[in-house]
Protein chains: 2
Amino acid sequence: MKVDGVSYRPIWEEGGAVRIIDQTRLPFAFETTTLGSEADAAHAIREMLVRGAPLIGATAAYGMALAMREDPSDANLAAAWERLHATRPTAINLRWALDDVSARLRPLPPADRAEAAFARARAIADEDVAINRAIGEHGLTLIEAVAARKGRVNVLTHCNAGWLATCDWGTATAPIYMAHDKGIDVHVWVDETRPRNQGGFLTAWELGQHGVPHTVIVDNAGGHLMQHGEVDLCFVGTDRTTRTGDVCNKIGTYLKALAAHDNGVPFYVCLPSPTIDWTVADGVKEIPIEARRPEEVTEVQGLGRNGVETFRVVSPGSPGFNPAFDVTPARLVSGLVTERGVAAASEAGLRALFPERAAA
Amino acid sequence: MKVDGVSYRPIWEEGGAVRIIDQTRLPFAFETTTLGSEADAAHAIREMLVRGAPLIGATAAYGMALAMREDPSDANLAAAWERLHATRPTAINLRWALDDVSARLRPLPPADRAEAAFARARAIADEDVAINRAIGEHGLTLIEAVAARKGRVNVLTHCNAGWLATCDWGTATAPIYMAHDKGIDVHVWVDETRPRNQGGFLTAWELGQHGVPHTVIVDNAGGHLMQHGEVDLCFVGTDRTTRTGDVCNKIGTYLKALAAHDNGVPFYVCLPSPTIDWTVADGVKEIPIEARRPEEVTEVQGLGRNGVETFRVVSPGSPGFNPAFDVTPARLVSGLVTERGVAAASEAGLRALFPERAAA
């Protein structure tokens with residue numbers, strides 16, 4: 001997608017080096033940086049210069065490639081896996097990418113490993129882009145149907161399931177970018193997404209840079225807008241979807257799904273099929289929800305008179321509690337937009353699109 | 001209620017002067033200030049040193065008293081009404097209090113007006129306290145019923161319908177303070193309440209000062225907590241309630257009511273009966289919702305390295321939209337806690353408690 005008129009991905013190769021957008025500086029500064037070593041890649045993941053499951057996976061793969069350029073021995077192959085895995089040990093895609101690259105490199109002679117690792121990292125990124133493009137094309141038909149009926153289409157989204165979280169297009173944003181690029185009059189209501197403000201920071205920034213009309217609202221406002229016909233469609237991403245269609249996503253997604261259901265607004269979840277967890281049947285009961293640092297609730301990052309800093313926004317002495325995700329039951333989800341098409345949010349719906357998954 | 005162990009009201013008389021808590025300094029500083037003149041009272045209302053409908057009404061009444069002390073003539077009686085009314089011309093309670101005091105003063109000889117105005121201002125404040133105490137007593141029975149069943153009671157509240165918004169006790173907080181003072185183990189989930197953070201700023205501050213256990217959460221988190229049995233009751237306030245029981249309150253109230261309904265959590269609205277608008281039947285269709293300054297969305301006040309300032313928290317260049325209230329349909333409301341008791345959220349329920357209101 002575009003930044004100031006120039007096409008970017010959040011990770012790319014340039015003159016033999018790996019470069020990324022430093023997302024910790026967004027939205028108040030746009031800076032790119034070079035990953036020149038495995039240590040740089042590890043730092044970028046650990047300190048969240050890159051974030052979003054698919055982008056973390058691609059960055060880890062490039063980290064392995066950089067490690068092989070430094071020392072392609074068996075010992076370093078194993079050690080690099082360990083060092084990179086320790087950066088964000090709970091990230092599923094991180095582990096998947098490290099395992100995938102390691103398994104391909106192990107049989108190779110050390111001298112061939114760096115080149116093979118770069119090729120595989122490039123392929124991992126390209127595969128993610130292809131998946132998101134397919135999600136975008138399926139979601140686009142939903143936007144086109146509304147546009148044909150009424151002209152301007154108002155989409156509401158929560159958090160950042162945008163191109164910054166993937167290798168391009170994003171998941172929830174892919175249909176929006178495609179609609180915009182096709183000339184459809186699409187406008188996006190961007191939920192701020194407290195506590196970390198990924199909506200107001202990242203989604204607003206990337207939509208603005210690409211030229212997509214959008215308006216930031218507080219997380220409290222979406223229900224009111226839906227009551228008054230100001231939202232035609234909701235598109236959100238997901239961290240994990242159960243085989244029954246329950247959706248685990250950023251905290252607050254459930255409240256928007258309730259409002260959409262109450263007002264007859266279609267609520268779609270966009271996801272690459274690898275995020276479907278075929279082992280889980282009941283998302284609310286079975287998925288443990290991580291509580292993050294309470295300081296994310298009691299403090300906010302923002303741009304003040306003296307630059308960007310963290311400031312307190314809760315009465316001093318009052319504690320905070322910070323559940324990071326919630327689960328939206330399948331009954332509130334209009335459909336799951338995958339790279340293979342739009343599935344009903346149910347076990348039958350998902351198995352119909354993914355027949356290779358044997359019944360549990 | 002208590003501040004650092006000492007009982008306070010947000011407005012009181014002291015040695016012939018009127019004093020208030022300067023709420024613009026909360027929660028980062030506790031300061032009181034003297035209203036020595038009508039101009040001081042007007043400034044306090046205009047600049048929101050006092051806020052909340054009942055407190056604005058009482059402050060306006062004291063403003064009339066201060067005006068009469070300066071010049072009790074007929075001309076100044078009329079002029080003071082105009083000047084005070086202009087401070088927040090859409091505040092219903094402001095106009096009501098000014099009309100009430102003026103009507104009582106007009107027949108009196110000028111020399112008697114200041115004293116009569118002070119007496120009436122005092123009575124307006126005391127009447128508000130009595131109403132809130134009655135709301136608290138009726139709401140307390142709801143908390144006691146939960147406490148009898150399970151011990152600790154978790155209450156969720158949104159925005160600030162606390163003692164700072166009234167002349168004491170608050171509306172939504174009155175049952176909570178009474179339960180706490182009776183020794184019931186009550187804990188409050190305080191919604192931050194973006195964009196103006198009245199929850200994280202004011203509700204958290206006043207609960208903390210009075211010693212009520214509480215935890216601040218982002219507005220996104222309440223649904224998740226209800227899904228997991230962490231909320232026993234919701235108590236919120238209201239700016240305006242229709243005769244059919246629809247509730248207009250701070251933006252985001254509707255989303256919490258949806259979540260409460262979806263999870264079988266009782267959702268109560270606490271209100272003094274003068275806020276019932278007997279002329280409105282359909283809150284969603286008939287109540288116009290004010291859009292406030294978009295800067296309240298794109299900026300936040302907080303305590304940084306250099307003291308309290310306003311910070312940008314949205315991507316530069318991205319616009320915001322700021323609807324201030326939403327309407328919760330009566331079907332989502334478990335009951336309306338009034339000074340006369342708990343009414344069903346319906347026209348029949350309200351008319352049963354307020355039979356003097358002839359059918360429309």
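Order of the sequence lines fixes the chain letters, A, B, ..., with proteins taken first and strands second; residue numbering starts at 1 for each chain. All values below come from the heavy atoms of this structure, side chains included, with hydrogens, waters and symmetry mates left out.
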Item to complete: Could I get the full list of side-chain contact (heavy atoms from CB on, under 4.5 Å) partners for A/Ala345, not counting sequence neighbours?
Response: A/Ala330, A/Val333, A/Leu336
Worksheet item: Among A/Pro195, A/Gly199, A/Ala324, A/Pro294, who wins on heavy-atom pairs under 4.5 Å with chain B?
Response: A/Pro195
Response to the item:
For B/Phe325, the ring-ring contact (aromatic ring centres under 6.0 Å, His included) test, sequence neighbours excluded, returns none
Response to the item:
If one checks every heavy atom of A/Ile289 against chain B at 4.5 Å, the contacting part turns out to be side chain
Discussion item. Do A/Leu258 and B/Leu255 make a side-chain contact, defined as non-hydrogen atoms from C-beta onward lying under 4.5 Å apart?
Written reply: no
Fill in: Side chains of B/Leu303 and A/Phe311 in contact at under 4.5 Å (non-hydrogen atoms)
no
Worksheet entry | Top contributor to chain A contacts, counting heavy-atom pairs under 4.5 Å, from B/Ala259, B/Gly208, B/Gly222 | B/Ala259
Response to the item:
The interface call for B/Pro319 against chain A, heavy-atom contacts under 4.5 Å, is both
Item to complete: Could you tell me which non-hydrogen atom of B/Ile251 sits nearest to which non-hydrogen atom of A/Ala221, and how far apart they are?
Response: CG1-CA, 3.7 Å
Worksheet item: Taking every heavy-atom pair that is under 4.5 Å apart, which of A/Val297, A/Val216, A/Val284 has the most such pairs with chain B?
Response: A/Val216
Fill in: B/Leu202, part contacting chain A, at a heavy-atom distance under 4.5 Å
neither
Worksheet item: Is there side-chain contact between B/Val300 and A/Val300, with heavy atoms separated by less than 4.5 Å?
Response: no
Could you show, one pair per line, the donor-acceptor contacts under 3.5 Å between chain B and chain A?
from: B/Glu192; atom 1: OE1; to: A/Arg194; atom 2: NE; distance (Å): 3.0
from: B/Glu192; atom 1: OE2; to: A/Arg194; atom 2: NE; distance (Å): 3.0
from: B/Glu192; atom 1: OE2; to: A/Arg194; atom 2: NH2; distance (Å): 2.5
from: B/Arg194; atom 1: O; to: A/Asn220; atom 2: ND2; distance (Å): 2.8
from: B/Arg194; atom 1: NE; to: A/Glu192; atom 2: OE1; distance (Å): 3.0
from: B/Arg194; atom 1: NE; to: A/Glu192; atom 2: OE2; distance (Å): 3.0
from: B/Arg194; atom 1: NH2; to: A/Glu192; atom 2: OE2; distance (Å): 2.5
from: B/Gly200; atom 1: O; to: A/Ser315; atom 2: N; distance (Å): 2.8
from: B/His214; atom 1: NE2; to: A/Ser318; atom 2: OG; distance (Å): 2.6
from: B/Val216; atom 1: N; to: A/Pro319; atom 2: O; distance (Å): 2.8
from: B/Val216; atom 1: O; to: A/Phe321; atom 2: N; distance (Å): 3.1
from: B/Asp219; atom 1: OD2; to: A/Asn220; atom 2: ND2; distance (Å): 3.1
from: B/Asn220; atom 1: O; to: A/Gly252; atom 2: N; distance (Å): 3.4
from: B/Asn220; atom 1: ND2; to: A/Arg194; atom 2: O; distance (Å): 2.8
from: B/Asn220; atom 1: ND2; to: A/Asp219; atom 2: OD2; distance (Å): 3.1
from: B/Gln227; atom 1: NE2; to: A/Val327; atom 2: O; distance (Å): 2.9
from: B/Gly252; atom 1: N; to: A/Asn220; atom 2: O; distance (Å): 3.3
from: B/Tyr254; atom 1: OH; to: A/Asp262; atom 2: OD2; distance (Å): 2.7
from: B/Tyr254; atom 1: OH; to: A/Asn263; atom 2: ND2; distance (Å): 2.9
from: B/Asp262; atom 1: OD1; to: A/Arg331; atom 2: NH1; distance (Å): 3.0
from: B/Asp262; atom 1: OD2; to: A/Tyr254; atom 2: OH; distance (Å): 2.7
from: B/Asp262; atom 1: OD2; to: A/Arg331; atom 2: NH1; distance (Å): 3.4
from: B/Asp262; atom 1: OD2; to: A/Arg331; atom 2: NH2; distance (Å): 3.1
from: B/Asn263; atom 1: ND2; to: A/Tyr254; atom 2: OH; distance (Å): 2.9
from: B/Leu303; atom 1: N; to: A/Arg312; atom 2: O; distance (Å): 2.9
from: B/Leu303; atom 1: O; to: A/Arg312; atom 2: N; distance (Å): 2.9
from: B/Arg305; atom 1: N; to: A/Glu309; atom 2: OE1; distance (Å): 2.8
from: B/Glu309; atom 1: OE1; to: A/Arg305; atom 2: N; distance (Å): 2.9
from: B/Arg312; atom 1: N; to: A/Leu303; atom 2: O; distance (Å): 2.9
from: B/Arg312; atom 1: O; to: A/Leu303; atom 2: N; distance (Å): 2.9
from: B/Ser315; atom 1: N; to: A/Gly200; atom 2: O; distance (Å): 2.8
from: B/Ser318; atom 1: OG; to: A/His214; atom 2: NE2; distance (Å): 2.6
from: B/Pro319; atom 1: O; to: A/Val216; atom 2: N; distance (Å): 2.8
from: B/Phe321; atom 1: N; to: A/Val216; atom 2: O; distance (Å): 3.1
from: B/Val327; atom 1: O; to: A/Gln227; atom 2: NE2; distance (Å): 2.8
from: B/Arg331; atom 1: NH1; to: A/Asp262; atom 2: OD1; distance (Å): 2.9
from: B/Arg331; atom 1: NH1; to: A/Asp262; atom 2: OD2; distance (Å): 3.4
from: B/Arg331; atom 1: NH2; to: A/Asp262; atom 2: OD2; distance (Å): 3.1

Practice prompt. Just jot down the ring-ring contact (aromatic ring centres under 6.0 Å, His included) partners of A/Phe267, sequence neighbours excluded, or say none.
Written response: none
Worksheet entry | Proximity breakdown for B/Leu225 and chain A, heavy-atom pairs closer than 4.5 Å | side chain
